[in-house]
Enquirer: 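Pasting a structure below so you can have a look.
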Amino acid sequence: MQNTSGKKLSLEFFRNGDVVDIARNLLGKTLYCFVDGQLCGGTIIETEAYRGPEDRGSHAYGGKRTPRNETMYGAGGLVYMYICYGIHDMLNIVTGEEGTSHALLIRAIEPTVGIDVMRIRRGIFDQDTRLCQGPGALAKAMGLTKLHNSILITGEQIWIEDSGISYTDEQIVAGPRVGMNFDGPYKTIPWRFYVKGNKFVSKPHV
DNA sequence: TATAGGATAGGCT
DNA sequence: GCCTATCCTATAG
């Protein structure tokens with residue numbers, strides 16, 4: 001087992017504050033997963049916020065509640081996973097108090113631990129920047145699937161640590177979220193955050 | 001019960 | 001840049 005000497009983020013981190021702020025604050029934190037006996041991890045460098053019932057882009061838009069998105073209504077700190085386009089698993093973290101439905105999507109990390117395992121899972125051996133570049137790729141590299149839905153982000157399988165990395169406002173880009181196929185203010189609201197110039201950020205770049 | 005479509009990624013033109 | 005795999009989910013009938 002490799003060193004993960006940072007401070008594990010508590011449930012309070014995800015329960016207090018606005019999902020948009022939390023998504024932004026996660027940049028620079030380290031995501032770890034221990035799946036199939038393999039430890040993988042990396043620096044979070046791209047996130048998106050989905051702000052509950054008001055947000056047209058959210059699965060919980062208008063207060064919609066179905067078996068798929070039920071996890072979003074749980075207390076902050078739960079992992080919400082679902083499949084997109086029938087192929088890609090997406091890693092989200094629920095925020096806020098129980099009964100609210102805010103969540104953030106982790107879109108990309110810069111791998112630092114278990115890179116060899118990620119290469120095998122992804123079948124990519126010559127371009128490490130692609131290993132976790134995009135939400136579907138990230139989940140695959142980390143070994144995460146919808147089977148991990150509704151587990152805690154503070155457990156033994158998946159957690160986030162503060163390793164002391166922080167970015168200034170000038171190092172963070174806030175732009176429109178990816179894949180918003182509808183009209184209205186939430187189509188372009190700048191709730192996608194990423195580290196400027198980082199080679200591991202997913203396309204499209206703003 | 002049927003069917004349209006999606007918070008993507010990779011390969012091809 | 002465009003195309004589509006692939007399949008679960010939501011929604012309508």
Side-chain angles (χ1 to χ4, degrees), chain A residues 14 18-20 22-24 26-27 31 42 44-74 76 78-96 100-111 118-150 153 158 173-194 198-206:
Chain A
F14 302 99
D18 189 278
V19 63
V20 177
I22 297 172
R24 184 191 180 93
L26 278 180
L27 297 182
L31 172 69
I44 298 170
I45 46 91
E46 181 179 359
T47 61
E48 284 179 357
Y50 289 85
R51 202 156 184 281
E54 71 186 65
D55 181 358
R56 180 87 186 273
S58 169
H59 288 173
Y61 174 62
K64 185 163 69 173
R65 191 163 182 159
T66 68
R68 177 175 71 154
N69 73 5
E70 181 63 28
T71 301
M72 298 179 83
Y73 289 86
L78 289 173
V79 170
Y80 170 45
M81 298 213 58
Y82 70 95
I83 294 179
C84 187
Y85 292 98
I87 307 172
H88 307 290
D89 292 276
M90 303 279 166
L91 169 62
N92 300 260
I93 302 172
V94 177
T95 73
T100 65
S101 53
H102 310 297
L104 60 91
L105 171 69
I106 300 184
R107 288 191 56 88
I109 67 172
E110 178 172 339
M118 297 191 203
R119 288 175 181 146
I120 293 169
R121 285 180 178 145
R122 297 274 287 118
I124 295 175
F125 300 92
D126 56 349
Q127 299 171 84
D128 286 353
T129 56
R130 287 181 51 203
L131 289 177
C132 297
Q133 193 169 55
L138 164 66
K140 187 173 183 185
M142 300 294 262
L144 296 168
T145 70
K146 68 171 187 175
L147 295 176
H148 297 90
N149 182 49
S150 82
I153 190 69
I158 178 168
V173 178
R177 295 171 295 180
V178 179
M180 298 295 103
N181 296 312
F182 54 83
D183 291 321
Y186 288 93
K187 178 182 175 70
T188 53
I189 197 167
W191 285 353
R192 175 192 185 205
F193 302 102
Y194 62 86
N198 187 293
K199 299 291 187 294
F200 297 80
V201 171
S202 73
K203 294 179 179 178
H205 289 227
V206 176

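Chain identifiers are assigned alphabetically (A, B, ...) following the order of the sequence lines, protein sequences preceding nucleic acid strands; residue numbering begins at 1 within each chain.
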Enquirer: Run A:I22 and A:I93 through side chain to side chain contact (heavy atoms under 4.5 Å, CB included) and show every step you take.
Expert: CA-CA 10 Å; A:I22 297 172; A:I93 302 172; over 6 Å; no
Enquirer: Protein within reach of the bases, or only the backbone? For nucleotides 8-13 of chain C, mark each nucleotide 5' to 3' as B, S or -, using heavy atoms under 4.0 Å.
Expert: -SSS--
Enquirer: Salt bridge or not between A:R56 and A:D183? Use side-chain N to carboxylate O under 4.0 Å.
Expert: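 No, this pair does not count.
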Enquirer: A:M142 versus A:I158: any side-chain heavy-atom pair under 4.5 Å?
Expert: no
Enquirer: Search all heavy atoms of A:T145 against all heavy atoms of A:M81 and return the closest pair with its distance.
Expert: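 Minimum heavy-atom separation between A:T145 and A:M81: O-SD, 3.2 Å.
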Enquirer: Rounded to whole Å, please give me the gap between CE in A:M81 and C1' in B:dA7.
Expert: 13 Å
Enquirer: Does A:R107 make a cation-pi contact with A:Y194, if we ask for NZ or CZ under 6.0 Å from the ring centre and within 45° of the axis?
Expert: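 Judged by the rule, A:R107 and A:Y194 form no cation-pi pair.
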Enquirer: Check DNA chain C for consecutive Watson-Crick or G-U pairs with both distances under 3.5 Å and list the runs of at least three as stems.
Expert: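 So the stems come out as B:1-6 with C:7-12, B:8-12 with C:1-5.
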Enquirer: Should the pair A:R68 and A:Y82 be classed as cation-pi, given the thresholds of under 6.0 Å to the six-membered ring centre and 45° from the axis?
Expert: yes
Enquirer: Rounded to the nearest 0.5 Å, how far does CG of A:L26 lie from CD1 of A:I44?
Expert: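 Here the interatomic distance stands at 5.0 Å.
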Enquirer: Could you check if a side-chain atom of A:R177 sits within less than 4.5 angstrom of a side-chain atom of A:I189, using non-hydrogen atoms only?
Expert: yes
Enquirer: Taking atom P in both B:dA7 and C:dG1, what distance in whole Å separates the two?
Expert: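 After rounding to an integer number of Å, I get 23 Å for this pair.
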Enquirer: Within 45° of the axis and under 6.0 Å from the centre of the six-membered ring of A:Y186, does NZ or CZ of A:R51 qualify?
Expert: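 No, A:R51 and A:Y186 do not form such a contact.
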Enquirer: For nucleotides 8-13 of chain B, give me one character per nucleotide, 5' to 3': B if any protein heavy atom sits under 4.0 Å from the base, S if the only such contacts are to the sugar-phosphate, - if neither.
Expert: BSS---
Enquirer: Expressed as a whole number of angstroms, how long is the span from A:Y82:OH to B:dG5:P?
Expert: 18 Å
Enquirer: To check you understand the geometry: which heavy-atom pair defines the closest contact between A:P111 and A:C132, and what is its length?
Expert: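 That would be CG-SG, 4.0 Å.
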